[in-house]
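What follows is one structure encoded as structure tokens, with my remarks underneath.
So you know, we letter chains A, B, ... as the sequences are listed, proteins then strands, and number each from 1. Since this is a predicted model, take the numbers as computed values, not measurements. Computed over heavy atoms, backbone and side chain alike; hydrogens, waters and symmetry mates excluded.
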2 protein chains.
Amino acid sequence: MSIKGLFPIDKWDFKSESVLADLPAEDFDLLTAHQTEQVYKKGEIIFREGAYPAGIFYIKAGKVKKYKLDKEGKEHIIYVANKEELLGYHAILSEDRYPDSAASIEESRIAFIPKEDFLAVLNQSPVLNRRLLKTLSHEFAVLANSLSMFAQKNVRERLALQLIVLREKYKVNFKPGMPVEINMSRDDLANLVGTGRENVVRVLTEFKESGILQTQGRKIIINDVNQLIIIADYK
Amino acid sequence: MSIKGLFPIDKWDFKSESVLADLPAEDFDLLTAHQTEQVYKKGEIIFREGAYPAGIFYIKAGKVKKYKLDKEGKEHIIYVANKEELLGYHAILSEDRYPDSAASIEESRIAFIPKEDFLAVLNQSPVLNRRLLKTLSHEFAVLANSLSMFAQKNVRERLALQLIVLREKYKVNFKPGMPVEINMSRDDLANLVGTGRENVVRVLTEFKESGILQTQGRKIIINDVNQLIIIADYK
DNA sequence: TGCAAAATGTGCGATATATCAATTTTTAAA
DNA sequence: TTTAAAAATTGATATATCGCACATTTTGCA
């Protein structure tokens, strides 16, 4: 029953969809009519799991972690959202409370769009509907991928994978061809990979010794992505 | 930064949304105009990861597993879909290939609806649009929950949780008040929990000795769901 | 620039889980 | 009902990862 690697889907496609790009001007204007902008300092919470949503967020600059807390308060980061991504719309669409929390992992500039405006545009814009359906099903596929990776891969492989993904997200800050620096705390990285800080450090040291990457304080500089791809995809 | 259990979301809400229920008759008729029905024997594959979608599937009777294979062919079950659920629409909405495979875990009767009909209704039906957006964001929340459970819970806790979920799915086959029998191979169960068959057996034995459940051959009869909830939610 | 607090890194024993091999039970087909 | 194949179970051992305690470095602020 187990066919080996038939039609493998491209696991390295992590591009995030921009929901708002190319929206008809009319829709875009209505959507942004009452937006308010706010700067979130590093670590500041944007919304909390279980709270009722009052609107959606649009990241104009910075990076945001979406995470869940377990009973002991330990967080697991589900996703790192980059600038130009939309945030917190799942709760409104599912007519429920936030399924996860969000906080900035670096100083971020974020616009808030009231729920009413979002729903108003949703009711009149087939383009936004279609865009959201596409984004949501893409997100679903990415999440399903993360889930099975968790089930099937070890810490080393998961970390390699996350470094590849993060590299894409941090790329925008650096000139093409220049080495990309990932600036993320070991704790956040560990919570993303689903392990402890110590284990992340251990594997990073190993990668450093293999010449795959360098570290400068907290910064991680990726030298050899291909090597990471081989590790992440190995098993 | 870690606030303990503030606004905990209800982790035990696993009800699946019925996308097609209460759809306007006009839309429903168009959707089902060219449907073809087929019986899938236990274990038969419905679609494969990476293939291009030709339509969507509606489970009229039976149960279906959605899964991903790793390089060695070991499968990880992402989700068990029950009757009356829609299948395979993510790929069409994301304009991509199937992100996972689907196969029946018991004899199932499944209708196939061609892509064209689905898209035609999607273009004209605000209700279907809204319904799909809601379903997708709900699914996303459930999946995100599974992901963080994987990161935070051990095999024992994950198995307890899956037994609770499966009990809900198998409930429909039994009279209210009657003990629910879960009829699933240990292999499928292990692939759902993300571990090996042997480990599932060991934990099941433990549960059996605690009086939480009984087994009759392959069947698992849950006696004490509350105990399972305590275990699954413990950490 | 200097200092305290926070973050990072290291060693090691404890533990959960994976993995292999062998046995027993169940299932389904003749 | 018999029987062979498939599935489930048990036991033993290997391995990855966890999590504590502690040392070191980095960071941000006065």
Side-chain heavy-atom pair A:Phe47, A:Asp100 within 4.5 angstrom cut-off: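 Side-chain contact under 4.5 Å: yes.
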Could you tell me how far apart [X] ([atom1]) and [N] ([atom2]) are, to the nearest whole angstrom?
X        : N      : atom1 : atom2 : value
A:Glu198 : D:dT17 : CD    : C1'   : 10 Å
B:Asn154 : D:dA16 : CG    : C1'   : 15 Å
B:Phe150 : C:dT17 : CZ    : C1'   : 13 Å
A:Lys153 : C:dA18 : NZ    : P     : 15 Å
A:Arg156 : D:dT17 : CZ    : P     : 10 Å
A:Glu206 : D:dT17 : CD    : P     : 11 Å
A:Gln152 : D:dA16 : CD    : P     : 18 Å

Side-chain donor/acceptor contact of A:Arg197 with base of D:dG19 under 3.5 Å: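 There is none.
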From C-beta outward on [X], which listed nucleotide comes closest to its side chain: [options]?
X        : options                : value
B:Thr205 : C:dT17, D:dT10, C:dT10 : D:dT10
B:Val201 : C:dT8, D:dT10, C:dA18  : D:dT10
A:Arg202 : D:dA8, D:dC18, C:dT8   : D:dC18

5' precedence on DNA chain C between A:Asp187 and A:Ala151 (nearest-nucleotide basis):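 In this pair, the answer is A:Asp187.
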Identify all side-chain donor-acceptor contacts of residues 191-200 of chain B below 3.5 Å with residues at least two apart in sequence or on another chain.
{"residue": "B:Asn191", "atom": "ND2", "partner": "B:Glu75", "partner atom": "OE2", "Å": "3.4"}
{"residue": "B:Asn191", "atom": "ND2", "partner": "B:Asp187", "partner atom": "O", "Å": "3.4"}
{"residue": "B:Thr195", "atom": "OG1", "partner": "B:Asn199", "partner atom": "ND2", "Å": "2.9"}

B:Phe150 and B:His76 aromatic ring geometry - parallel, tilted or perpendicular at 30°/60° bounds: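 The arrangement is perpendicular - the two ring planes meet at more than 60°.
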A:Phe57 and A:Tyr40 aromatic ring geometry - parallel, tilted or perpendicular at 30°/60° bounds: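 Judged by the thresholds at 30° and 60°, the geometry between A:Tyr40 and A:Phe57 is perpendicular.
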Any A:Asn199 side-chain N or O less than 4.0 Å from OP1/OP2 of D:dT17: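 So the side chain of A:Asn199 is outside the cut-off, no N or O lying under 4.0 Å from OP1 or OP2 of D:dT17.
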List, with names and distances, any nitrogen or oxygen atoms from the protein found under 3.5 Å away from nitrogen or oxygen atoms belonging to nucleotides 24-30 of chain C.
none

B:Asn145 side, atom CG; A:Lys68 side, atom NZ - distance, nearest 0.5 Å: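 With rounding to 0.5 Å, CG (B:Asn145) is 4.0 Å from NZ (A:Lys68).
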Shortest non-hydrogen separation from B:Tyr89 to B:Leu86 and the atoms involved: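 Smallest interatomic distance, heavy atoms only, reads CE2-O, 3.7 Å.
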Contacts table for residues 101-114 of chain A: side-chain donor-acceptor under 3.5 angstrom, sequence neighbours left out:
{"residue": "A:Ser101", "atom": "OG", "partner": "A:Glu49", "partner atom": "N", "Å": "2.9"}
{"residue": "A:Ser104", "atom": "OG", "partner": "A:Lys41", "partner atom": "O", "Å": "2.6"}
{"residue": "A:Ser104", "atom": "OG", "partner": "A:Gly43", "partner atom": "N", "Å": "3.4"}
{"residue": "A:Ser108", "atom": "OG", "partner": "A:Lys63", "partner atom": "N", "Å": "3.1"}
{"residue": "A:Ser108", "atom": "OG", "partner": "A:Lys63", "partner atom": "O", "Å": "3.3"}
{"residue": "A:Ser108", "atom": "OG", "partner": "A:Glu106", "partner atom": "O", "Å": "2.7"}
{"residue": "A:Arg109", "atom": "NH1", "partner": "A:Glu37", "partner atom": "OE2", "Å": "3.0"}

